[in-house]
Number of protein chains: 2
Amino acid sequence: MATKVLPQPEREEIRVEAVLQALGEPVRLTIVRALADNPAGVCCGEIELPVTASTRAHHLKTLREAGVLSTHTDGTRRISILRREDLEALYPGLLTGILSAKQ
Amino acid sequence: MATKVLPQPEREEIRVEAVLQALGEPVRLTIVRALADNPAGVCCGEIELPVTASTRAHHLKTLREAGVLSTHTDGTRRISILRREDLEALYPGLLTGILSAKQ
DNA sequence: TCACTAGTTCGATCGTCATCGTACTACGAT
DNA sequence: ATCGTAGTACGATGACGATCGAACTAGTGA
């Protein structure tokens, strides 16, 4: 089945501006919250979003390139996982703070 | 001298999307870092920025309306202060995480 | 009163990006 | 092989926002 990890920045390549800009978009923040609720990873299509599939793919790419999430293939599906460890190492408390928002 | 506080959202009116969007802009992040280094407040013009005065005013307004900083008049000057307490109460760890970034 | 200084506001411009539809790729099942 | 499903890539469009200059406001000091 040869799962494959999609290209993403190394931990030391992650820039805080990119992370914040990625998180500062409502749809993407929804995605991040969904990923936070599912540490095992989520299939992109499972997250309910008010946008089409192509827009969804665009946001996932943005989040991946910013270093917020990691994506690996699983057959025809793509599983995304929040890069908690990396983000916590770089910006301790940031993720927790964001997720603690009462929305 | 009657200093006056410029209009800003109450703590419970602050939205995490607005905060993250405000912080996800390089110039504004520079401003926030400068404010973090000066808990007593900073006069807008003192922060070295690669933009004109009007753009600077625009960014300060954005940050104020997002609830990131507070501004009060002091004669002809305007002093801005990071709303650390409010942000820490709403999103504990967020600010610390961002500021701990090695840039 | 009359400048001078600090800063805002307004309108215009320009770039970026969120969104969409369509076409495409890749995997799985029949 | 063929079809269906999951998702991406591309090109176009429209909206938002970063930027600027110019005009304006307000406080300070001569």
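Below, chains carry the letters A, B, ... as their sequence lines are ordered, and counting in each starts from 1.
Residues meeting the side chain to side chain contact (heavy atoms under 4.5 Å, CB included) test with A:A34, sequence neighbours left out: A:I47. For B:A36, the side chain to side chain contact (heavy atoms under 4.5 Å, CB included) partners at least two apart in sequence or on another chain are B:L82, B:R84, B:L99.
In this structure, B:T55 does not reach the D:dA18 phosphate: none of its side-chain N or O atoms is under 4.0 Å from OP1 or OP2. In this structure, B:H59 reaches the D:dT19 phosphate: one of its side-chain N or O atoms is under 4.0 Å from OP1 or OP2.
Near DNA chain C, meaning a heavy atom under 4.0 Å away, there are no residues from residues 21-29 of chain B.
For residues 50-67 of chain B, no residue pair satisfies the salt bridge (charged side-chain N to carboxylate O under 4.0 Å, His left out) rule, not counting sequence neighbours. Residues in residues 34-53 of chain A take part in these side-chain hydrogen bond (donor to acceptor under 3.5 Å, both in side chains) pairs, two or more places apart or across chains: A:T52-A:S54, A:T52-A:T55. Counting only residues at least two apart or in different chains, side-chain hydrogen bond (donor to acceptor under 3.5 Å, both in side chains) contacts with residues 20-30 of chain B comprise B:R28-B:H59.
What separates CG of B:D74 from C1' of D:dT28 is a distance of 12 Å, to the nearest Å. Summarising the geometry, the separation between CD on B:E17 and P on C:dA18 is reported as 14 Å, rounded to the nearest angstrom. The distance between atom CG of A:L63 and atom P of C:dC17, rounded to the nearest whole Å, is 14 Å. In this structure, the NZ atom of B:K4 is 20 Å from the P atom of C:dA6, given to the nearest Å.
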Sequence neighbours left out, cut at 3.5 Å: what donor-acceptor pairs do the side chains of residues 6-14 of chain B make with other protein atoms?
{"unit_1": "B:Q8", "atom_1": "OE1", "unit_2": "B:S70", "atom_2": "OG", "d": "2.8"}
{"unit_1": "B:R11", "atom_1": "NE", "unit_2": "B:D86", "atom_2": "OD1", "d": "2.6"}
{"unit_1": "B:R11", "atom_1": "NH2", "unit_2": "B:D86", "atom_2": "OD1", "d": "3.0"}
{"unit_1": "B:E13", "atom_1": "OE1", "unit_2": "B:E10", "atom_2": "N", "d": "2.8"}

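Under the 4.5 Å side-chain contact rule for hydrophobic residues, A:L35 and A:V51 share a cluster.
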Distances under 3.5 Å between nitrogen or oxygen atoms of protein and nucleotides 2-9 of chain D:
{"unit_1": "D:dA6", "atom_1": "O4'", "unit_2": "A:T76", "atom_2": "OG1", "d": "2.6"}
{"unit_1": "D:dG7", "atom_1": "OP2", "unit_2": "A:G45", "atom_2": "N", "d": "3.4"}

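Judged by distance alone, the side chain of B:S100 and the main-chain N or O of A:Y91 form no donor-acceptor pair under 3.5 Å.
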